[in-house]
Amino acid sequence: MAEVLFFLAAIGAVVGAIGVVAVRNPFYSVLALVSHLLCLAALFLLLNAEFVAAAQVVVYAGAVMVLYVFVVAYVGGQDEPLGPRAGSGLRGAAVLFGGALFVELCIATLGSGLKLIDSRGTPIGRGFGAPEQIGELLLTKFLLPFEVASFLLLIAAVGAVVLARRRGGLSAGEEQARYSAMDLLRPASTGTMAESVGSRRPALTKATTPPAEDS
Amino acid sequence: MDIGWYLTASALIFTIGAGGVLTRRSPLVILLCLELMLNAANLALIAFARMHGNAEGQIFAVIVMVVAACEVTVGLGVIVAMHRRRLPIDVDELRELQG
Amino acid sequence: MSSLELFAWATLLFPLAGTIVIAVAGRRLPRRGAGYVGTGALALSFASAIGALVMLQDLPHDERQVVAVAWDYANSVGVDAQLSLLVDPLSVFMILVVAGVSTLIHLYSISYLDSDEGYVRFFSYLNFFVFSMLLLVLAGNFLLLIIGWAFVGAASYMLISFWYRRTTATDAGIKAFVINVLGDVGLVLGTFFIFKHLGTLDFLKAFEGVKEGFPQTNDADLVAGCILLLVGAFAKSAQVPLHTWLPDAMEGPTPVSALIHAATMVTAGVYLIARMHPLFEQAPIAADVGAIVGCATLLIAGTTALAQTDLKRVIAYSTMSQIGYMIMGVSAGAYAAGLFHLMTHAFFKALLFMAAGSVIAAMAGNQNLDRMGGFRRALPFTYGCMVVGGLALAGVPPFSGFFSKDEILLLLGDRGGWFWILYAAGYVGAFLTGLYTFRMIFRAFWGEPVPEARELEEGHLHHAHAPSNPATGELEDTDVGFPGPEHHIAEREPTMKIAMGTLAFLAIVGGFLQIPKVTHVVDHFLEPTFEDSALYAREPSGGLIAFGLVLGAFVAFAGIGLAYYVWVKNPAIATRVRERLAPLYKLFLNKWYFDELIAMLVARPALWFGVWAQQTFERIFVNGLLVGGSTGIVRAGSSAVRAAQTGFLRYYALLIVVGMVVLAFYFLLAS
């Protein structure tokens, strides 16, 4: 039973992977990756890693991939032209070296000391891979990596905001169109930073320039 | 199930991911293939954790997932910035390091 | 530090201080201030030299070779280089001569060069020269000797091309310097040869170890070393074939000619051979070479002087000839005699140059003997000094030159064997000396007074309307780098009179220090230095002494008499002889064609080599192959490497994967 499930999940994962690589439309590649992740979650379950499997589905397939979908929608996923522009030699070299890598990895994993270990794996207790065990480890033995990881997430979030924000104000067309309720509520002689810097304070009937930010 | 199968699957997925990185032209898809490689590594980690009966491998996999999430975030931020500046979303066009 | 060492250092350092003070503050002094400062520094130096003499004579006989060490430079790789002076009778003798004559020449120059724009520079250079010469003779090891040698050459260059806007002067300076450098190379190589065997640079230690270092006489290395030292000596002392620079060096101001090219620098070679006498006695072949070259020089120079028409060049060739005597003497073992002649020669040669300077000033810078005549009444003092100097030079008893020259020839005869040839050549040379010296004197001072002389008799010093280069006649300026507008003759300048008078007195009485069989002042004084010499303590027979003295007097008077007959009584004879012996005359006039020979053998091949080097070697090999090749390789290499910078992201990713594959492969193999 476990073998059947394994093969199903494994083939699903590999097919998903090939789909990610081979499909032309990036949107479909994202969907292929989502399916790949779900199959991988199944494989994790087979390996008694329940918490990780759940995290995979919820966090990875659920949050990260949704983010991906949004970005692909924003950027626009037009079909890619066929063939690498850098030269077809690149594709051939990619296949060659990729294949070589696979062979080496297989030799490494299969040909070495795994023979000495019981291929079924050591017997494990009931709570192996359960949330309790993961939680306990995270908060005792791996507390520092846990905290550092959260810090890393913070940095990544800040970084993403900084990278993707607007800079230097809006373009001319957009400036004119921007009109917010605050313009109505703002008293006439309040200085905004833009005014103090010297840009004209427009009348209420015209569009306002938003206060110039740093940058 | 023999642990070797899982490791072979992991190696296969990793290689496919590497081939994807080398072959595709859109940075979005390249990031996706990077995710593939990271997932393959995760699979290997979980498999070894099961093999050794040590849950630390699973912790490692969780942290890897965190890192992958961060990397995706920042990478997509870069792609959005590129799109904002009207740059072509094509790694072959961005060749200013040439020479 | 004992007082002897103190005096020695003071002697050396006063001229150095003079140089620096004059160089720094000279322009702020009043008109002749730099001159007085320079002379004062040298007078102090001379006083210290006398102090050193007194202190030295206080020491017992055996201890009269004192090494004064200031500090050790380095004692690495077995080279014992110290800043040390060797104070012994030989060096004290030399510093007395150098410092004394230099003081008088400085005194002379105070007024002679007045009005020259380069007055301050002159005295600075002159003091520096005296410092270098004193360093040379006081040096206690080969290193300092070489340093002093090089400095002296440099000072000579600076002073010969003193009027540097004259091309003739700068050419002469370069010629002198190049030939001197050749000598320097010989000196350094010779030192190396000797150092290789003796292992020490210090003089006293080297001389003690000569017999062990070179057990057999005429050892090849020692002969080679000594001959290289001789090359150095010949270059500095203007012996054949390295003598061509000395006549040209007369381009310098007359005091320079007096000091450097008569009294001091050119005697450095004589000093060298005398100092290195233990080495030369262990390698008699080299000493014999020195004697033969000295003899050849004295004859060649003597004959050349007969045909010259430039006043200073006649005296220059005479210097060359007399130094030939000295070199011949010290090479043959007559050390005291050679050094004695060095001293007397310094006196009368400097005197002759000073007098010549006075005459040239009366001629407003013109040096041509053909245009001079009858200055006897116009320049009485100068005439008197010139006659005294000429009589001393010719070797007329009882003037100093007589005793010194005959002492050398006496000891040569005493050695016997083939030295009799040198003996005979010496007397022929003495005859020639008398002949050309009085040719010069009679032509310049006797006969009909020339217009300049007549003007001077009336009390008016002749001025050239358009100053010109006496050698080429081209018009020049009186600005910086040229001689000044004024000319000074001895009759009108007290400082010049004092200097010349002192030298005249010394030229007369100097000989009495070493009358054969009567006084032995020089001999006894120098004995501590030369005791170890087998050739030093010789007693020539009384017969030889008497014969030599008589013969010497005879040839001197014969020479003067012939000169009187030809140039005073019957000038037509000179023209007739010149026509009859035209080829010989041309040979003498053209200085035995040495300049042309050197140009053909050395200068022209060097020029060809330079041209070839530039056109072929430099252009093709260096520029093309080496420079072009290395830049080409770098360029090709960098373009090859640049091919990896494609700019494609995926290409770089591929490289990463390739790297991973290779590493994995390596680790698989290694396990």
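No experiment lies behind these values; they were computed from the predicted model shown. Chain letters run A, B, ... following the sequence lines, proteins first, then strands; residues in each count from 1.
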Quiz item: Judged by atom type as modelled, is there a donor-acceptor pair below 3.5 Å linking the side chain of B:Arg86 to the main-chain atoms of B:Arg84?
Solution: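 Yes; at least one donor-acceptor contact below 3.5 Å.
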
Quiz prompt | Side-chain donor/acceptor of B:Ser10 to backbone N/O of B:Ala40, under 3.5 Å | solution = yes

Checking heavy atoms, do the side chain of [X], its backbone, both or neither come under 4.5 Å from chain B?
X: A:Leu43; answer: both
X: A:Ala32; answer: neither
X: A:Tyr74; answer: both
X: A:Phe142; answer: side chain
X: A:Glu104; answer: neither
X: A:Ile155; answer: neither

What pair of heavy atoms forms the shortest contact from [X] to [Y], and how long is it?
X: A:Ser29; Y: A:Gly19; value: OG-O, 4.4 Å
X: A:Gln133; Y: A:Phe128; value: OE1-CA, 3.4 Å
X: B:Gly17; Y: B:Cys33; value: O-CB, 3.5 Å

Who among [options] has the most heavy-atom pairs with chain B under 4.5 Å?
options: A:Leu153, A:Leu105, A:Val95, A:Val148; answer: A:Leu153
options: A:Gly98, A:Ala160, A:Ala17; answer: A:Ala17
options: A:Val64, A:Val14, A:Val71; answer: A:Val71
options: A:Val23, A:Val59, A:Ile18; answer: A:Val23

Quiz prompt | side chain to side chain contact (heavy atoms under 4.5 Å, CB included) assessment of A:Leu101 paired with B:Phe14 | solution = CA-CA 9 Å; A:Leu101 196 58; B:Phe14 185 83; 3.6 Å; yes

Under 4.5 Å, counting heavy-atom pairs only, tell me which of [options] racks up the most with chain A.
options: B:Leu12, B:Asn39, B:Val80; result: B:Asn39
options: B:Ile46, B:Thr73, B:Thr8, B:Val78; result: B:Ile46
options: B:Val67, B:Leu31, B:Val62, B:Ile79; result: B:Leu31
options: B:Ala55, B:Ala69, B:Gly20; result: B:Ala55

Using non-hydrogen atoms and a 4.5 Å limit, figure out which bit of [X] sits close to chain A: side chain, backbone, both or neither.
X: B:Ile63; value: side chain
X: B:Ile89; value: side chain
X: B:Val66; value: both
X: B:Ile30; value: neither
X: B:Glu71; value: neither
X: B:Asn54; value: backbone

Once rounded to the nearest 0.5 Å, what's the spacing between atom [atom1] of [X] and atom [atom2] of [Y]?
X: B:Leu7; Y: B:Phe48; atom1: CG; atom2: CZ; value: 4.5 Å
X: A:Tyr68; Y: B:Leu76; atom1: OH; atom2: CG; value: 5.0 Å
X: B:Leu43; Y: B:Leu38; atom1: CG; atom2: CG; value: 12.5 Å

Quiz prompt | B:Gln58: which of A:Leu137, A:Leu47, A:Val52 passes side chain to side chain contact (heavy atoms under 4.5 Å, CB included) | solution =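 So, applying the side chain to side chain contact (heavy atoms under 4.5 Å, CB included) to B:Gln58 and each of A:Leu137, A:Leu47, A:Val52, only A:Val52 qualifies.
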
Quiz item: Should we say atom CZ of A:Phe70 is surrounded by more than 12 heavy atoms from elsewhere, each under 6.0 Å from it?
Solution: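 Atom CZ in A:Phe70 is not packed in, count stays at 12 or less.
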
Exercise. Kindly determine whether B:Ile59 and A:Leu138 satisfy side chain to side chain contact (heavy atoms under 4.5 Å, CB included), including the steps that lead there.
Key: CA-CA 7 Å; B:Ile59 307 284; A:Leu138 270 181; 3.9 Å; yes

